[in-house]
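Structure first, then comments.
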Amino acid sequence: MRDYYAQYVTIGIFAIVAAVLVVGTLQLSRLLRPSHPTAEKLTTYESGIDPIGAGWAQTSVRYYVYALLFVIFDVEAVFLFPWATVFESLGTQAFVEMVIFVGILALALLYAIKKRLLEWL
Amino acid sequence: MNADVVREVFFWGVGAIMVIAALRVVTTQNVVHAALYLVGTLMGAAALYVLLLAEFVAWAQVLIYVGAVVVLMLFGLMLTRAPIGKANYDNSQRPLAAVVAAVLFGVMSWILIDAFSGTELELAGENAPRTQDIGAVIFSSYVWPFEIVSVLLLAALIGAVMIARRDEPEADKEVGS
Amino acid sequence: MPIAYFLVLSSLLFCIGVYGVLARQNAVLILLSIELMLNAVNINLLAFSAHLAEAGVPGQIFALFVIAVAAAEVGVGLAIVILIFRNRQNVDVDEMSLMKW
Amino acid sequence: MFELNLSDWQILLVKLGLVLAIVPAITLVAGYAEHKVMAHLQHRLGPMYPGGFHGWATLLADGLKFIYKEDIIPAAADRKVFSLAPLAIFVPTVLTVLVLPLDETLVVEELDLGLFYLLAVSSISTIGMLMAGWSSSNKYALIGALRAAAQLIAYELPIVLSAAVAAMLAGTLSLNGIVEAQEWPFVLWPPGIGLIAFLVFFGAGVAELTRPPFDMPVAESEIITGAFTEYSGMRFIFSTFFPEVANMVIISGVATTLFLGGYQPIVPLGFLDAVPGLVWFTLKTAFMVFMLLWIRPTFPRLREDQLQKFAWKFLIPTSLVLILAAGAWVLYAPEGLK
Amino acid sequence: MDVARTEENIRLPDEVAQEVAEGRLQTEQMVLNVGPQHPATHGVFRLLATIDGEVLVDAEPVIGYMHRGYEKLVEARDYRQITNLVSRMDWLSGINNEMPLALAVETLMELEVPPRAQYLRVVLLEMNRILNHLMFFASFAAELGAITPTFYAFREREDIQAAMEMATGGRMHFGYMRPGGLKEDVPKGFFDQALFGVRQVMDRIDDYYNLIIGNEIYKQRTIGVGVLDKELAYNYGVSGPIARGSNIDFDVRKDEPYLAYADFDFEVPVGLNGDCFDRFWVLLHEVYESARIVEQAIEGMPSGPILGKVPRVIQAPEGEVYVRCENPLGELGMYLVSDGDRRPYRLKIRTPSYNNVSVLPVVLRNTFVSDMIAILGSFFFVLGDIDR
Amino acid sequence: MPVTERVVGQQALDRVTAELGSLVGDARVNFDQIDVTCTPGNLVEVVAKLREAAGIEARFFTFLSAVDRTAFGGEERPDTERGTPLEVLVHLYSPDHATHINIHVPVDQADPRCPSITSVFGGALWAERECAEMFGIDFTDHPNLTNLYLPEDFEGNPLRKAFKLPTRMVKPWPGAKDPEEAAGGGRG
């Protein structure tokens, strides 16, 4: 019998240890490394010139479309995994259900391609 | 140590983190920070799901919410201007909103405590449902909602695209180039 | 563990979300607050699912559906926000008076 | 096997110790291998001096140098997010190691939904990239972060979907279960499906690692070091070097587990069973790592739009078809063939 | 070329441009400095790029970080000193830079250059051209993300470099040309080393083809990218491999043969469309042709003196002349005005990179950020050559 | 297309003078290249015609610069052969005919002005900027006549003969003390 909680305790502890490792190493190297900040050193790198404009971010609409498509297929994947474990015992019915599901999402991808949403940039 | 005590300590710890993060989501004056605090709340929720014996939902939460929805949010934020530093994102109804939220919380928690005080959760790790159980139930009893999810996602994509796409008349003509 | 713990926590998160929806004027932040509320709902669902373990896993399945719906909601919501931003160069809901009565 | 009576906490400590010793060691070995393999592919020697024998201690020396480096956070950066980003990249990397079965029993935690856990955890680092890029307040970093995030999500799908194929053929999400369910000749069976799924997984894996030819998020000739342009010293190690090399090994390990029969012997000859599974796993993983190292000096890099098109128009449709094909195979292939 | 130049490849930027113009795609634009300290700019070259997402809306090269004022400096130096000065303009093709100066003085003074000196000059010039082109072969591939060609190219360069060093004693700035001939004769073993070097290159050029030009990703990255129109090239005075990439058959060695170039059999490779692929293709073919010229020149090497009858003090008579040579990067011209002194009265140096790079703003408009790097790399420029 | 019909020397001069007629003043052959002189007012028309004219087709923009002849042959003998000692120099080349054409454009030394030829040859964009800062010549209707090399606050026009190299004024160039050579004085 598996020990459900013990497994997750291990994972949790590993997460904490990994985080502590990063923070700890950074603290440790603080003892060793020099620290002489100067204004020039702390300037944002922009090919050796003072940055033009700052403090804001902008991106292309295309990225949003990619992310949206990703969300949709990610949801699909979440349903795919429980299905993968049981479809053999459930037989044709479950298979057809998934075919329809995947088919509809494939339509989404097709639509995106057809609307040239993946054309860049 | 008693397992129940450990669970309670865990619950309080995670719960506190979630609440603090949630409060920061609604009060911080930096949009990207708000999205990142939301990640805190979401990860906390995933931890609670694990506690509630729903490991599949917990990892689905991580996969979809943290891995996808928040990324989508961040892209959206950067598309609509996401400065480093502060700006004012609150409106003038802040006090009123606080009152409404507090009253709502009072009423809800009073009702809930009243109705469910004394009900204990039996959290037996060895009974945690497995992925197969979830799959078996979805694909036998919840087929329609499942299929509708796919239609919903398709509709969401089409809707989003209709709204945000570049208005390109020639897009429909010929794609085969 | 008392189930009330989870219920109170979830209602607290829900109300924080309500506050966010009411007090924020940036549309994306409002969407974030809505996510908080949906998460609160999920905690509730899973708490009851654990409580009613003998009924099987429907609570978990509903939580999955809620997550899926939330994803779709964010997608469309953000698309609207982006459209508004492109037309007006800002995303303050208070200034969007076009559809006010 | 011999019996040891250890309490839970002692077991946990042993696991911690092993992972904390082995993961960095493997990373150093893989990093050194990268130096050397690439050098020889390019008709040069690579590092020869540190440590004496063929420069084996080069990476240790590098690491030491990085520890001594000044830690610079640009004045314009968002300090909080800037310092948290390496954590968001490093911690998930460590967590993915936990479910990899190196041998039948040699696994930190054998999760029931190990595969799903693995995919979910590894998706967190996308946010780390965006955090690093945005908080640096640097244009190159921002462009790099956006590229990285878009690339990671686009190629996560083929990975997830082709991994689902492996899960379908095995009928379980447990990684040990998937290994056990595979039979010789692992990836070649079922015909077509297994091999293509493996190639999709491996190709998308190269992209997930942001290595050439998919390295535009860190393309130094275009955007310096992408999201990590402003990172220095140990922060840089934790956010780029370590995750890149470790993930290279991890992806190879996962590919081995899902498609190459994991810790099973390469050929089903009885006497090979005597060789420990760990050896087989290591051999197979090393082979996969070598393939990854070989790709790097061979190809130029793609352009961002070509990369996205490759994922959305080729890899993802292919893996969708694969899923249906695998389903049909499992359900309808004659019993004798399976 | 077996890759179809699809509509898609060529149309896309225009389409984007139109959308940007109409404000449909407009997100906020940001101004990005590429250079002066950037890995892709070969020295201190700065590109002021206005980008929208990943599209370059506008690009303005900013030069002058290395301006040394050669045109003023030469007015205070005698011709022998200037030889060493101009050698440092395009530091990848030192001896080629010295050539037009010697030619200009020879033209004004009407000096006879002995045939052996002419042949030796050709050998050195063409070996230097191979050195230069291999360097750009390496750097262009590196900018596209392929790291291996760098090492291959440097391996080949080394053999030729050794021959150059035998003759001149230098590796970059040779200072070997003299008005009327060469500084001295080449040492024993030079011809063997030179032949070994160029034959090595000729043998391995197939490898380069397989590794780079035959690579599908490489084709995707370069075909149809950064198209330089033929008329545009003429208008901006673009010359060298870049002009030839744009389907312009323009090579001073053929059009106005100087030295002994008329004696040799070689081809002028010409591209089709003027995209990055064509420029690079031309570059690699020129390596081969130069290697052929070196072989022929060594085989037909006459004997005799290497310096003509030159007065002890070089004083060009009064007059002015424009003299040009085919430098590795294009037409290097010198307009020499002499008033009879030991120093030039005015020496206008027309460097190839200067004109080639001046067309960049037009070519770069409405490209992707990644393409910008490919285009910059395919414009084969040396900063010293632009800034002088 | 390589050189189709080689037109140099006298033949080229005939074609150029036939095409330009009175637009140019002095025209002659110099080392097989054509030297023509024209006024600033005619420059744009001259280059446009040379570019389009059949049989010449000087489409290739080689360079644009200037020469300051005020110290030609020593301070005492300024070369004013073409009217003023300061001239803009445009070199065009015909890729089809291998014809070189040097266009000398004398400009007023006190207030040097010259129309921009950027409307005909885009390559002049940088060349005119450089020429403007180095010689102080104002190219009217140039779209962006800012400094190309020099800092914005730089004073003087380095390539004018009046601009002495400061170091050379303090200490003459050692090259002048070449042992092989006794004659010749410092001028630069």
Side-chain angles (χ1 to χ4, degrees), chain E residues 61-64 67 69 71-78 80-81 107-108 231-239 243 247-251 254-256 268 312-313 315 318-324 331 333 335 337 339-343 345-346 348-350 354-355 357-359 361-362 387-388, chain F residues 1-3 6 8 30-33 35 51 59-69 71-74 77 79 89 91-93 95 98 100 102 120-127 130 134 144 147-151 158-159 161 163 165 168 172-173 175-176 178 180-181 183-184 186-188:
Chain E
V62 179
I63 60 170
H67 186 55
E71 290 179 18
K72 187 73 178 176
L73 293 180
V74 296
E75 290 175 10
R77 281 158 178 75
D78 61 40
R80 186 199 47 183
Q81 292 168 320
T107 314
L108 279 184
E231 274 311 306
L232 199 64
Y234 279 134
N235 250 339
Y236 277 77
V238 175
S239 54
N247 198 9
I248 296 175
D249 189 346
F250 172 43
D251 189 325
K254 279 272 191 214
D255 295 355
E256 280 184 348
V268 179
R312 278 171 67 85
V313 176
Q315 261 172 314
E318 209 172 296
E320 49 194 85
V321 69
Y322 177 71
V323 168
R324 58 185 191 152
E331 175 179 332
Y335 192 88
V337 181
D339 61 353
D341 195 31
R342 298 173 303 132
R343 283 162 285 197
Y345 179 76
R346 161 113 175 87
K348 160 70 192 170
I349 305 167
R350 184 253 189 232
Y354 181 81
N355 282 48
V357 166
S358 71
V359 78
V362 189
D387 282 355
R388 305 191 303 283
Chain F
M1 214 164 36
V3 177
R6 197 169 295 275
V8 290
N30 176 28
F31 293 102
D32 271 356
Q33 302 178 354
D35 268 16
R51 185 177 125 166
R59 288 177 288 166
F60 186 82
F61 172 79
T62 318
F63 70 81
L64 178 148
S65 189
V67 184
D68 176 10
R69 296 179 194 271
F72 195 83
R77 188 167 75 82
D79 180 7
L89 177 62
H91 187 106
L92 300 180
Y93 172 70
H100 291 266
N102 295 304
V120 186
F121 286 106
L125 277 166
W126 279 16
E130 187 191 351
M134 294 299 175
N144 173 29
N147 281 358
L148 185 68
Y149 288 124
L150 301 174
L159 284 183
K161 289 289 170 183
F163 187 98
L165 285 174
R168 293 290 84 80
W173 184 252
D178 197 319
E180 285 189 354
E181 133 72 8
R187 192 185 53 215

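From a predicted model like this one, the values you see are computed outputs, not experimental measurements. So that the names make sense, note that chain A is the first sequence line, chain B the second, and so on, each numbered from 1. Below, each value reflects all heavy atoms present in this structure, side chains not excepted, and no hydrogens, waters or symmetry copies.
Taking 4.5 Å as the limit, every side-chain heavy atom of E:R324 sits out of range of all side-chain heavy atoms of F:T62. You'll find the side chain of F:V67 stays beyond 4.5 Å of the side chain of E:K348, heavy atoms only.
For the residue pair F:P95 and E:Y234, the shortest heavy atom distance occurs at CG-CE2, 3.3 Å.
Rounding to the nearest 0.5 Å gives a distance of 5.0 Å between CZ of F:F60 and CD of E:E331. Distance CG/E:D339 to CZ/F:R69: 10.0 Å, rounded to 0.5 Å. Rounding to the nearest 0.5 angstrom, the gap separating the CG atom in F:L89 from the CD atom in E:E320 is 7.5 Å. Rounding to the nearest 0.5 Å gives a distance of 8.0 Å between CZ of F:F61 and OG of E:S358.
Of the two parts of E:K254, only the backbone, made up of N, CA, C and O, holds a non-hydrogen atom closer than 4.5 Å to a non-hydrogen atom of chain F. Heavy atoms closer than 4.5 Å to chain F are found in the side chain of E:V337, but not in its backbone. Only the side chain of F:F31 comes within less than 4.5 Å of a heavy atom in chain E; its backbone stays farther off. Interface residue E:E71: backbone and side-chain heavy atoms are both found under 4.5 Å from chain F. With a 4.5 angstrom heavy-atom cutoff, F:L148 touches chain E via backbone and side-chain atoms both. Heavy atoms of E:D251 lying under 4.5 Å from chain F are absent altogether. E:D255 touches chain F through backbone and side chain together, each having a heavy atom under 4.5 Å away. Neither the backbone nor the side chain of E:V268 comes within contact range of chain F, judged by heavy atoms closer than 4.5 Å. Neither the backbone nor the side chain of F:L92 comes within contact range of chain E, judged by heavy atoms closer than 4.5 Å.
In this structure, a donor-acceptor pair under 3.5 Å is present between the side chains of E:R346 and F:S65. Between the side chains of E:Y354 and F:E130, at least one donor N or O lies within less than 3.5 Å of an accepting N or O.
With sequence neighbours excluded, the residues forming a ring-ring contact (aromatic ring centres under 6.0 Å, His included) with E:Y322 are F:F63, F:H91, F:H100, listed by chain and number.
Ranked by heavy-atom pairs shorter than 4.5 Å toward chain F, the options E:V359, E:V357, E:V323 are led by E:V357. Among the candidates E:G340, E:G64, E:G237, the residue making the largest number of heavy-atom pairs closer than 4.5 Å to chain F is E:G237. Heavy-atom pairs under 4.5 Å with chain F were tallied for E:I63, E:V362, E:V321; the largest tally goes to E:I63.
Under the 3.5 Å distance criterion, the side-chain polar atoms of E:Y345 are matched with a main-chain donor or acceptor of F:D68.
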